[in-house]
Amino acid sequence: MQLRGKVALVTGAAQGLGKGFSEAMLNRGAKVALVDMNESMGRETEKELSVKYGYDNVVFLRCDVTNKDQLESVFRRTVEEFGTLDIVVNNAGVSKRSHWELILEVNLMETGPVYSAAKHGVVGLSRSLGLGPHLLQRGVRVCALCPTQTDTDIHPARLQRDPEMQKMADEHWRLVDSEGGLIKISQVVDGFLQLVEDDSKNGAVMRVTLQRGVDYQPYGRGGEGVPYTRRAARSKLRNTEQVSDFFIPAWKMFRS
Ligand SMILES: NC(=O)C1=CN([C@@H]2O[C@H](COP(=O)(O)OP(=O)(O)OC[C@H]3O[C@@H](n4cnc5c(N)ncnc54)[C@H](O)[C@@H]3O)[C@@H](O)[C@H]2O)C=CC1
Ligand SMILES: CCCCCC(=O)CC\C=C/C=C/C=C/[C@@H](O)[C@@H](O)CCCC(=O)O
């Protein structure tokens, strides 16, 4: 997909990876709706990117993605603002204090596993949507991008106000060091652009790591997903057994 003239909606776009993805698409001639719950940082980013890429090409829309009404509204407003919507980047993720403190209050030890379980859910959902027949038939691709530890504010560097938090932050940084440090946002953005621009990638799960750079998570088959073509979409509708690795067992059970 050529990005020039396309319209994208990016959640969590005020900073970090979301801002990086937004800027990369603007740089290639797309228009971007920056969606974020952090109004002050969102406005700052809107101003910065508007000055660089044109006021007509960038808009900030405040939204907490956990609020269904707000989320529906930003989709509507993006189309009102730019006339259409081609790309959605579901990037918003919990960051820093509010969520960390909430989770820590509940149970310090649960933080890692809960985060990891939630992210596995996103991968499963993306593959299921991408490889299923319904979106494919409409020409919609869905992919997941899994970067390793990246240099953004999500890391608990500043949680050093009490000893427990300090301990957790130390453990976190030990893990990061053992993996060779943080990867740069620009390296993840390079992977992101490949995923968006290459129409043959659908249901794919891209990894970006220090060790291997950009590669794809292999699955039983179709690790890089299934190329989108109208023919593939039609054949998928005829042969539902090909739908996805996740869907197949349930489908077989249902038929027997
Ligand atoms: N930085 C890293 O090492 C990695 C990050 N990720 C994921 O990438 C995504 C982006 O992370 P970073 O850029 O590192 O984080 P970040 O903390 O730098 O930025 C996250 C942005 O999302 C926004 N946000 C959070 N909750 C929101 C909500 N409910 N509604 C709207 N906006 C919300 C925040 O205001 C912030 O602007 C997250 O989903 C994260 O889990 C994945 C792998 C590695
Ligand atoms: C203690 C819980 C921390 C949870 C929040 C974060 O740290 C934010 C960072 C988000 C995701 C980090 C993912 C890291 C993955 C690496 O462990 C993994 O990519 C290493 C893979 C190495 C390889 O396969 O070559």
Side-chain angles (χ1 to χ4, degrees), residues 8-25 32-49 59-75 77-78 88-103 111-126 143-159 169 171-192 195 205-215 217:
L9 181 160
V10 183
T11 68
Q15 60 176 20
L17 287 166
K19 181 179 173 186
F21 300 149
S22 302
E23 173 148 23
M25 290 191 285
V32 180
L34 310 166
V35 172
D36 207 290
M37 67 196 287
N38 184 336
E39 173 123 35
S40 57
M41 196 160 282
R43 293 270 171 227
E44 219 175 280
T45 300
E46 178 190 43
K47 192 170 164 201
E48 181 192 327
L49 297 180
V59 65
F60 169 71
L61 302 172
R62 207 207 79 81
C63 161
D64 177 346
V65 299
T66 64
N67 181 314
K68 187 170 171 281
D69 292 340
Q70 289 183 21
L71 195 58
E72 281 176 3
S73 159
V74 292
F75 274 75
R77 285 161 64 199
T78 302
V88 176
V89 185
N90 175 26
N91 163 80
V94 290
S95 69
K96 297 187 292 189
R97 256 159 254 166
S98 52
H99 292 83
W100 279 93
E101 283 182 354
L102 180 67
I103 296 167
T111 308
V114 168
Y115 178 88
S116 180
K119 289 299 182 186
H120 274 81
V122 176
V123 168
L125 182 67
S126 305
C143 294
L145 173 55
C146 305
T148 188
Q149 319 265 8
T150 313
D151 192 5
T152 73
D153 280 1
I154 205 170
H155 297 278
R158 296 185 193 89
L159 296 176
E171 275 170 24
H172 177 73
W173 288 112
R174 256 197 302 278
L175 173 70
V176 170
D177 284 345
S178 74
E179 291 180 353
L182 295 172
I183 199 167
K184 291 195 189 84
I185 291 179
S186 59
Q187 291 173 273
V188 182
V189 169
D190 287 347
F192 168 79
L195 214 42
V205 179
M206 175 188 274
R207 306 180 294 198
V208 186
T209 56
L210 276 170
Q211 291 79 9
R212 289 185 302 271
V214 167
D215 73 349
Q217 172 69 41

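Note that the structure is a prediction, hence the values are computed from the model and not measured. Whatever order the structure lists ligands and atoms in, that order sets their numbers, starting from 1.
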Salt-bridge present ([X], [Y]; N to O < 4.0 Å):
X: R174; Y: D177; value: no
X: E23; Y: K19; value: no
X: E44; Y: K47; value: no

As an exercise, identify every atom of ligand 1 less than 4.0 angstrom from a heavy atom of [X].
X: L17; answer: 5 (C), 8 (O), 13 (O)
X: A14; answer: 37 (O)
X: C63; answer: 30 (N), 31 (C)
X: D153; answer: 18 (O)
X: Q149; answer: 3 (O)
X: G16; answer: 13 (O), 18 (O)
X: P147; answer: 42 (C), 43 (C), 44 (C)

For [atom], which of the options [options] provides the nearest non-hydrogen atom?
atom: atom 34 (C) of ligand 1; options: T148, N38, D36; answer: D36
atom: atom 3 (O) of ligand 1; options: T150, V208, L34; answer: T150
atom: atom 39 (O) of ligand 1; options: N91, V74, V176; answer: N91

Identify the two heavy atoms, one from F192 and one from M206, that lie closest to each other, and give their separation to 0.1 Å. N-SD, 4.5 Å

Give me the atom names and distance for the closest heavy-atom approach of Q15 to D153. OE1-OD2, 3.8 Å

Ligand 1 N/O within reach of D64 N/O, cut-off under 3.5 Å: yes

Purely on distance, is any nitrogen or oxygen of V65 under 3.5 Å from one on ligand 1? yes

If only atom types and distance count, is the side chain of [X] paired as donor or acceptor with the main-chain N or O of [Y] below 3.5 Å?
X: Q217; Y: V205; answer: no
X: S40; Y: N38; answer: no
X: R62; Y: M37; answer: yes
X: Q187; Y: K184; answer: yes

Measuring from non-hydrogen atoms of K119 to any atom of ligand 1, is the shortest distance under 4.0 Å? yes

